[in-house]
Each structure stands twice: as C-alpha cells, then as structure tokens.
Visitor: 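Once you've had a glance at the structure underneath, I'll fire off some questions.
Proteins get letters first, then strands, A, B, ... in listed order; numbering begins at 1 in each.
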Amino acid sequence: MVRIRLTNTRTRRKEEMTPIDASNVRLYLCGPTVYDRAHLGNARPVLVFDVLVRLLRHVYGAEAVTYVRNFTDVDDKINAEAQRRKAAGSPLSLEQLIAERTEETIGWYHDDMDAIGAGRPDHEPRATAYVGQMIEMISDLIAKGHAYAAEGHVLFDVRSFPNYGKLSGRSVDDMIAGARVEVAPFKRDPMDFVLWKPSTDDLPGWDSPWGRGRPGWHIECSAMSAALLGPSFDIHGGGIDLQFPHHENEIAQSCCAHPQASFANIWLHNEMLQVEGKKMSKSLGNFFTVRDLLDKGVPGEVIRFVMLSTHYRKPMDWTEAKAREADATLRRWRGLVAGIEPAPSPAPAVLEALADDLNTAGAIAAMHDLAAQGDAAGLLASAGLLGLLLPGMGDWAEAGDEAAVLIEALLTARAEARQARDFARADAIRDGFAAAGVEVKDTPQGPEWSLAPGFDADALSKLAADLGA
RNA sequence: GGUGGGUUGGCGGAGAGGUUACGCACCGGAUUGCAAAUCCGUGAAGACCGGUUCGAUUCCGGUACCCACCUCCA
C-alpha cells in the first residue's frame, strides 16, 4: 500500500493519510460561486484535487473514493446580475433569471473544467437544494447555545467555540484589534458571523423560523458536507484565501453542531495563482478566465501541465513562456507514446512523488526521466495519474487529414529533390515546413513529422502550391 | 498592527544533513549534403549574518526583501 503524505494546514505539518474508511475515502472541495466564468485561479484547486482523486482511486480503488464539490448559487453577485437583466426588460421573474444565470454558469464551468481534463466529482450539490438542511443546522446551533437570532439575522457566537481561530492561527482578540470591518450593532462580538440573513422582496428568500431570508455564505458547506459525506470525513480543501474566514467558520459551525465528530481530518490549501507576480483577483481586475486562454488557442492540456508544474503549496506565476515549454514537452511526449499501450501500472518514482504531498513537479521530473529512457509505456501509465496524455485530450497536437496529406506529399517531393541532389529545392521545402510550423525529423527509418506550436495550415497550403507538390 | 508562506544555477522548478534533481536555454562532440530531431558530454545554484554539526543549500536564531490573508475572491 502506498503511503500518502499530505500537508495538513490544521496541524501545519506533513502527515500520513489514514482514511476513516478505506473503502470510502471522502473529500470535499469548495467549489465556485456561479455568477460568471471561472478565472484561471479557480482552476488550480480543481486540478490539485483532480490529481489527488486520481491518486486516491489508484491506491484505494476506483469505487472507494467519494468526491464532493459544491456550487454556490446563493450570492449577492448572482442576484445583482438577475436584477440587471430584469431592469433591462426581461419578462422572466427574478427567480427564473437567477436560475437562468446559475444554469448557464454551471454549464460554462463544466465545459471549462472538462477542457483542462478535470474529472467531474461524484456529487456537485447546489446550495439552493440544501437550504432545508441549513435551516435545520442553524436551529440546532441555536439550541446548543452556539448561535443567536437578532433582528432577522442569526449569528454564530464565536466566543462559544474556544477553538475559533485555530485553523488560521489567529486569536479572536487579535482579529478584533486589527479588524477593518464595520460591526453590526446587533452582534454580541465583532467577530460573530452570519448564518442567516433577511431578504427583501426583490431578493430570493426562503421561509425560516427567523422570517423570510437566505443563508450566510459559510453554512452551505457545513450542511452539504454533512449531508453527503457525514459529520466526519477525510479531506477538505480550497484556496489558501479560504482558510479565513470561510474554513474557520465552517469548522466552528460543523464542530459545534456535531461535537462528537471530527469534521475534516486533513485540510489542504493551495497557494494563489499569480500573473506577472501579482495575485490574480477580481478587485485588481488583472484576471482572465480559463475560456480566454482556450479561445486564444492554449490547449487545456497545456494549461493543466503548467498548473501542475508548480507544487500546489507555492505561489504559481502564469507566464506565456511556461505555456510554450509545456506545449513543446507535451508534443514530444505525445509523439513518444503514440500507438503505445500503457504499462500495467505507473512508474514507482512518479507514484512516490505524488504520494509525497502531491509533488506534481517532482512527478513531471520523473516522467522526463522515463521519456529519456524511452519508456513510453511507463510514461503513458504515469501520465494518466496526473491526467496528462489521456486519449481525447490530444486533438490539439494532431493535424487534420488535409494537412497530413499535404505534408506527406511535400515530404515525398523533398525526398525526390534530395535523390536528384537538388538541394535548393529540398532546402526550400525544409524551410517552408519550419515557417509553417511543421517539425520534420529524419530518422534512419525515414522522416517523421509533427506539428509545432505555431502551426499554420495556410502557410502549408501556400508552400505546396508554390512548389507544385 | 496581527497571521501565514516564500527567497535555489541564465530562466522555470524539486528533493535530500554528506553522493548528477529535472526541464528549457547555452556550450562542446557524434550524426546530417546543410539543417532539424536524436544521442553523448561540459559548465552553472542555494538572499544575508550567526549558531548546531566532522560536515548545511537542507536543522535553529536573527536581518533584509517579496507575496498572501485579516474585506467578495480558489
């Protein structure tokens, strides 16, 4: 059995992972708020968890893993977009407009995450489908003395949970001292956070013991993880920016509601993605979406490779140069494994790297070794653990039939020219290939070709026409 | 102000208290009609100052700088 070690944010050390139930390893990842396209940073935890799930399924069995990732479809930004459409004259009701917006966003999200090769989780619960469970949990927290109703709100009483702040290494008193938040007058303590808040008539709302309202942001993950994974499960993750307050608040809610349970044993947090050394953020306005990159012609597999080439606990800078390098490496590897059956199991060095706190960069280095040794079968089997070189994701690296016919014809023409020692013509074809983005390798078995990143089909057609080939 | 993370060769980026990371780029050689690709090989590092140690880039302390979180954000 492979020993999987993960850095647990909760304990701040690398720990061997021991599942609560090896026949059902359970994970929860905080998913997106579905109000707009996923930006590139959203893809990072998804890919980290995708590799983690692939590893866990390899070690514990394909059926022995339950992966949950939620959709947050209750949110002021979604409401704002629906209200904007209403104001723009849409005949639909606000509820319908909200549903329309979240449906289309979820569709985009699926398209974009599929494109980078991220497998769908086993469950993708939507917050709106679990409001009943949230109300139940909030009532329970009030009954247990951990929450209180005030002016249509329900607030969590942070002073009732001595461990509050432990995950993020803060004390309530320190946070109050440095707080920049406006404190609502009905809060008992400035750090108390909202479990339920009132809705006006122009906002979505649900009936509750505290009047018509909607849930606070944090309670959904506590309610949905309990419903789908139980009060104790193995791994909970997300971006490091969620550590506080979101995950801290989840812990407070869940541990107070289920005092006998452990909630998440291991917390995994990925570092932020940066662009040109700066955090990618909505407020800075320097973010771009996964779709932007795909539309620019950056293949999903390349995005995936770049993301995985930096360890998840380190900040990763997205650069064009990395995308180019990844593109070239993947083309080379795809050439190497073409028509090859994968080995029965991944290479030990790759598996060991991933088992050691998801060292994807180390795993990729080990794959380079396999490639250098010519172990195509081992490379292919290992790449699968990282979700790379999979069938169905390699179309970008392949030429269409039309281009293939042209290239073959030109190669024949070049061979004839060389035979005739017409090197001027042979070199013209060679240079034309290079200009069009076709790489030709002459091997003892004859020429092999592949497409380079800047492949230009028009230039290829023109070359063929000019040379009459 | 509080909290957390980082600083590795030209660039990217890992592991390990003592032995080549790896990739890209560069340089030399083989190969080639010339190239490309490939193969072989060389060179190149650990922010700074102390400490522990036979030995530290790796552990400990400090300094500097960078980044993030504390506010919607993965």
Visitor: Report the relative orientation of the aromatic rings in A/His246 and A/His218; use parallel for angles under 30°, tilted for 30 to 60°, perpendicular for over 60°.
Guide: tilted
Visitor: side-chain hydrogen bond (donor to acceptor under 3.5 Å, both in side chains) with A/Ser168: which of A/His247, A/Arg10, A/Gln243, A/Glu248?
Guide: A/Glu248
Visitor: Less than 4.0 Å between a side-chain N and a carboxylate O, is that true for A/Asp327 and A/Arg324?
Guide: no
Visitor: Near RNA chain B, which residues from residues 356-368 of chain A have a heavy atom under 4.0 Å away?
Guide: A/Asn359, A/Ala361, A/Ala365, A/His368
Visitor: C1' atom, B/U63 versus B/C54: distance in rounded Å?
Guide: 29 Å
Visitor: So A/Phe288 and A/Trp318, would you call those rings parallel, tilted or perpendicular, with 30° and 60° as cut-offs?
Guide: perpendicular
Visitor: For nucleotides B/U52 and B/G61, find the distance between their C1' atoms and express it as a whole number of Å.
Guide: 11 Å
Visitor: How many whole angstroms separate atom NZ of A/Lys166 from atom P of B/G2?
Guide: 23 Å
Visitor: When rounded to the nearest Å, what value does the distance between C1' atoms of B/C49 and B/A37 take?
Guide: 49 Å
Visitor: Over how many whole Å does the gap from A/Glu320 atom CD to B/G12 atom P extend?
Guide: 16 Å
Visitor: Could you tell me how far apart A/Trp318 (CH2) and B/G12 (P) are, to the nearest whole angstrom?
Guide: 16 Å
Visitor: Once side-chain contact (heavy atoms from CB on, under 4.5 Å) is applied, do any residues pair with A/Pro215, and if so which ones, sequence neighbours excluded?
Guide: A/Val74, A/Met134, A/Trp196, A/Trp206, A/Ile219
Visitor: Taking the basic N atoms (NZ, or NE/NH1/NH2) and the acidic carboxylate oxygens, is any pair closer than 4.0 Å for A/Asp442 and A/Arg418?
Guide: yes
Visitor: Taking only the P atom of each, what is the distance from B/C22 to B/U42 in whole angstrom?
Guide: 11 Å
Visitor: When rounded to the nearest 0.5 angstrom, what is the spacing between CG in A/Leu167 and NE2 in A/His236?
Guide: 9.5 Å
Visitor: Is it true that A/Lys441 and A/Glu448 have a side-chain N and a carboxylate O under 4.0 angstrom from each other?
Guide: no
Visitor: Base, sugar-phosphate, or nothing: which does A/Gly41 touch, judged by heavy atoms less than 4.0 Å apart?
Guide: base
Visitor: Between A/Thr310 and B/G13, is there a side-chain N or O to OP1/OP2 distance below 4.0 Å?
Guide: yes
Visitor: In what stems does RNA chain B take part, counting only runs of at least 3 consecutive Watson-Crick or G-U pairs whose two distances fall under 3.5 Å?
Guide: B:1-7 with B:64-70, B:10-12 with B:22-24, B:27-30 with B:38-41, B:47-51 with B:59-63
Visitor: Given the C1' atoms of B/U53 and B/U58, what is the spacing between them in whole Å?
Guide: 13 Å
Visitor: Distance check, C1' atoms only: B/G23 and B/A14, in whole angstrom units.
Guide: 11 Å
Visitor: On a whole-Å scale, what distance lies between the P atoms belonging to B/C39 and B/U7?
Guide: 32 Å
Visitor: B/U32 P sits how many Å from A/Phe423 CZ, rounded?
Guide: 13 Å
Visitor: Do any N or O atoms of the protein come closer than 3.5 Å to N or O atoms of nucleotides 3-11 of chain B, and which pairs are they?
Guide:
{"unit_1": "B/U3", "atom_1": "O2'", "unit_2": "A/Ser168", "atom_2": "O", "d": "3.0"}
{"unit_1": "B/U7", "atom_1": "OP1", "unit_2": "A/Lys314", "atom_2": "NZ", "d": "3.3"}

Visitor: Would you please indicate yes or no on a ring centroid separation below 6.0 angstrom for A/Tyr28 and A/Tyr67?
Guide: no
Visitor: Are any of the side-chain nitrogens in A/Glu81 or A/Lys77 under 4.0 Å away from the carboxylate oxygens of its partner?
Guide: no
Visitor: Can you tell me how far P of B/C22 sits from CH2 of A/Trp333, to the nearest Å?
Guide: 14 Å
Visitor: When the distance from NE2 of A/His269 to P of B/C70 is rounded to whole Å, what number comes out?
Guide: 13 Å
Visitor: Over all strands shown, is A/Ser309 touching base, sugar-phosphate only, or nothing at heavy-atom distances under 4.0 angstrom?
Guide: sugar-phosphate
Visitor: For RNA chain B, whose closest nucleotide is more 5', that of A/Lys14 or that of A/Cys30?
Guide: A/Lys14
Visitor: For atom C1', what is the distance between B/A64 and B/C48, given to the nearest Å?
Guide: 7 Å
Visitor: Looking at A/Asp356 and A/Arg3, is any side-chain nitrogen of the basic one under 4.0 Å from a carboxylate oxygen of the acidic one?
Guide: no
Visitor: Does a side-chain N or O from A/Lys77 land closer than 4.0 Å to OP1 or OP2 of B/C73, or not?
Guide: no
Visitor: Check the surroundings of atom NZ in A/Lys462: do more than 12 heavy atoms from other residues, nucleotides or ligands lie under 6.0 Å from it?
Guide: no
Visitor: Kindly state each residue pair satisfying side-chain hydrogen bond (donor to acceptor under 3.5 Å, both in side chains) with at least one member in residues 296-306 of chain A, sequence neighbours excluded.
Guide: A/Asp50-A/Arg304, A/Lys296-A/Glu320, A/Glu301-A/Arg334, A/Glu301-A/Trp396
Visitor: Angle between ring planes, A/Tyr109 versus A/Phe71, binned at 30° and 60°: parallel, tilted or perpendicular?
Guide: perpendicular
Visitor: Starting from P on B/G12, measure out to CE on A/Met307 and report it in whole angstrom.
Guide: 18 Å
Visitor: Separation of A/Asn270 atom CG from B/C73 atom C1', in whole Å?
Guide: 12 Å
Visitor: Hey, what are the protein-to-nucleotides 34-39 of chain B N/O distances that come in under 3.5 Å?
Guide:
{"unit_1": "B/C34", "atom_1": "O2", "unit_2": "A/Arg430", "atom_2": "NH1", "d": "2.0"}
{"unit_1": "B/C34", "atom_1": "N3", "unit_2": "A/Arg430", "atom_2": "NH1", "d": "2.7"}
{"unit_1": "B/A35", "atom_1": "N6", "unit_2": "A/Asp442", "atom_2": "OD2", "d": "2.8"}
{"unit_1": "B/A35", "atom_1": "N1", "unit_2": "A/Asp442", "atom_2": "OD2", "d": "3.0"}
{"unit_1": "B/A36", "atom_1": "N1", "unit_2": "A/Asp442", "atom_2": "N", "d": "3.3"}
{"unit_1": "B/A36", "atom_1": "N1", "unit_2": "A/Asp442", "atom_2": "O", "d": "3.3"}
{"unit_1": "B/A36", "atom_1": "N3", "unit_2": "A/Val440", "atom_2": "O", "d": "3.3"}

Visitor: Please determine if A/Arg313 and A/Asp357 form a salt bridge, counting it only when a charged side-chain N lies under 4.0 Å from a carboxylate O.
Guide: yes
